[in-house]
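See below for the structure under consideration.
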Number of protein chains: 2
Amino acid sequence: MKNRDSIPAATIERLPLYYRCLDKLSTFEEAEVVSSKDLGGKLGIPSTQVRKDLSYYGEFGRRGVGYNVVELRKSIGKILGVNKLWPAILIGAGNLGRALVNYQGFSKMGLEIVNIFDNDLNKIGNRVDSIEVKSINDLDEVINKKDINLAIVTVPANAAQEVVDDLVKYGIQAIWNFSPTRLYVPDDIFVRNEDLAVGIVSLIYHLSWQMQNEE
Amino acid sequence: MKNRDSIPAATIERLPLYYRCLDKLSTFEEAEVVSSKDLGGKLGIPSTQVRKDLSYYGEFGRRGVGYNVVELRKSIGKILGVNKLWPAILIGAGNLGRALVNYQGFSKMGLEIVNIFDNDLNKIGNRVDSIEVKSINDLDEVINKKDINLAIVTVPANAAQEVVDDLVKYGIQAIWNFSPTRLYVPDDIFVRNEDLAVGIVSLIYHLSWQMQNEE
DNA sequence: TAGATTGTTAATCGATTAACAATC
DNA sequence: TAGATTGTTAATCGATTAACAATC
């Protein structure tokens, strides 16, 4: 395997797509083997890119034949770390937070939300998908007791940095941030921003341009 | 302005960040002017990148001075098309769909969800944030009557393609897809996939690698 | 004028794609 | 052997960063 730091970020973003596609193939289809052309075709990715992406991690195929669906799925699962369940906490039991807790299919991707926190007294004690909402004051205890490394942040933008400071203090390593704000964290903490505003604006940009051209 | 097709996708993804930051600056801060260094600094983006991004669309600053906050906000808003409200429909009144409808701040980004659709008889007739959930059979009528071009798809993966085929048939131009599946659409329809599985897996990948290194 | 900062060209860096030997 | 497909090197393409003249 190559030095992990030199693997393109774009490759890492494509691996989950391969994984999910192979998972589907292994459940529903009968084919034992898939070629890079087939796999790429289903995802709109050139076969040469599929092979290149995989080559960063080893040799998984057989020349002249293709890739064994079940084996490749397993290999990618291991590379991604989704072969086990990673316990995570979610902070912010608003609409989005509740939606994520209820979201089916995360467990297939290695995520298990084990606790939910909020600072709203009206929400504390409620249950979301059978998980009780706890007070944000209990963060410390839960993170340490359950040895949690992953946190999902779905609080309003103005509360996010404060929450994240606590998370870092209590030992969280990776943060999935849904608040529309930039977070400041130490270098060794990994943050992924899921910025919905960027998503909608890029759509509107294209739409707006299309409309202008038509007129 | 440069030929719009030659503007990097990455630039278009950064414009909303500039826009939101300028919006904050114009509301809360007193400074009339901001430099590319200041603006970039707040977002973790090099000043040279900020200037380059803006340069695709024109000249917005004054040498030796910087950019007028209010003016630049307005200019970027116009470039992105968020200076007006774009009516959109949402299909799939599940948890995620309801979360998006309730999401504050979309209106600032030019999005207005005007109708919600579902095929579940138990949901049809309910209200989400004062918007009545309609039957998916009424899609055609609403799209045409209200001249809608933008649709948000939050239905399960196995229902997505069918819904999208209908949307395309009725004249939708741009689709924001939250279903974890690839959609097949004609070339002139713009689809943006908001794939949450990719998000969580990239976090788990980094976490998993970090853990391995520590052991 | 001196200091600051833009807008743009050129250099660098990184990712994608093409080509092809290896081999099933 | 002939056809198919991998894994990898080299070529291309695209995006970021550095450098600097223009100018406030």
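FYI, side chains are in, hydrogens and waters are out, and symmetry mates aren't considered; it's all heavy atoms of this structure. Proteins get letters first, then strands, A, B, ... in listed order; numbering begins at 1 in each.
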- Query: If you pin Val65(A) and Pro46(A) to their nearest nucleotides in DNA chain C, which one's is more 5'?
  - Reply: Pro46(A)

Specify the separation, in whole Å, of atom [atom1] of [X] and atom [atom2] of [N].
{"X": "Ile45(A)", "N": "dT17(C)", "atom1": "CD1", "atom2": "P", "result": "10 Å"}
{"X": "Arg62(A)", "N": "dA22(C)", "atom1": "CZ", "atom2": "C1'", "result": "14 Å"}
{"X": "Gln49(A)", "N": "dT12(D)", "atom1": "CD", "atom2": "P", "result": "18 Å"}
{"X": "Leu54(A)", "N": "dG7(D)", "atom1": "CG", "atom2": "P", "result": "7 Å"}
{"X": "Asn68(B)", "N": "dC24(D)", "atom1": "CG", "atom2": "P", "result": "16 Å"}
{"X": "Lys52(A)", "N": "dG14(C)", "atom1": "NZ", "atom2": "C1'", "result": "11 Å"}
{"X": "Tyr56(A)", "N": "dA15(C)", "atom1": "OH", "atom2": "P", "result": "7 Å"}
{"X": "Asp53(B)", "N": "dA15(D)", "atom1": "CG", "atom2": "P", "result": "11 Å"}

- Query: Can you check whether Trp86(A) and Tyr205(B) have ring centres sitting under 6.0 Å from each other?
  - Reply: no

- Trp209(A) and Tyr57(B) aromatic centres sub-6.0 Å: no

- Query: Quick one: which of dA18(D), dG7(D), dT17(C) gets closest to the side chain of Thr48(B)?
  - Reply: dA18(D)

- Nearest of dT17(C), dT17(D), dA21(D) to any side-chain atom of Arg63(B)? dA21(D)

Below the 4.0 Å mark, does [N] have OP1 or OP2 next to a side-chain nitrogen or oxygen of [X]?
{"X": "Tyr57(B)", "N": "dG7(C)", "answer": "no"}
{"X": "Arg51(B)", "N": "dT6(C)", "answer": "yes"}
{"X": "Arg14(A)", "N": "dT16(C)", "answer": "yes"}
{"X": "Ser36(A)", "N": "dT5(D)", "answer": "no"}
{"X": "Tyr67(B)", "N": "dG7(C)", "answer": "yes"}

- With side chain to side chain contact (heavy atoms under 4.5 Å, CB included) as the test, would you mind laying out the steps for Tyr103(A) and Asn95(B) before giving the verdict? CA-CA 8 Å; Tyr103(A) 201 83; Asn95(B) 283 297; over 6 Å; no

- Item | Counter-base of dC13(C), judged by Watson-Crick or G-U geometry with both distances under 3.5 Å | dG14(D)

- Note on the structure: When both distances are under 3.5 Å in a Watson-Crick or G-U wobble arrangement, the nucleotide paired with dA21(D) is dT6(C)

- More than 12 foreign heavy atoms under 6.0 Å from NZ of Lys78(A): is that the case here? no

- Using a heavy-atom cut-off of under 4.0 Å over every strand shown, decide if Ser35(A) touches base, sugar-phosphate, or nothing. sugar-phosphate

- Query: Going through the distances and angles, do Glu32(A) and Asn68(A) end up as a side chain to side chain contact (heavy atoms under 4.5 Å, CB included)?
  - Reply: CA-CA 6 Å; Glu32(A) 232 180 79; Asn68(A) 179 292; 4.3 Å; yes

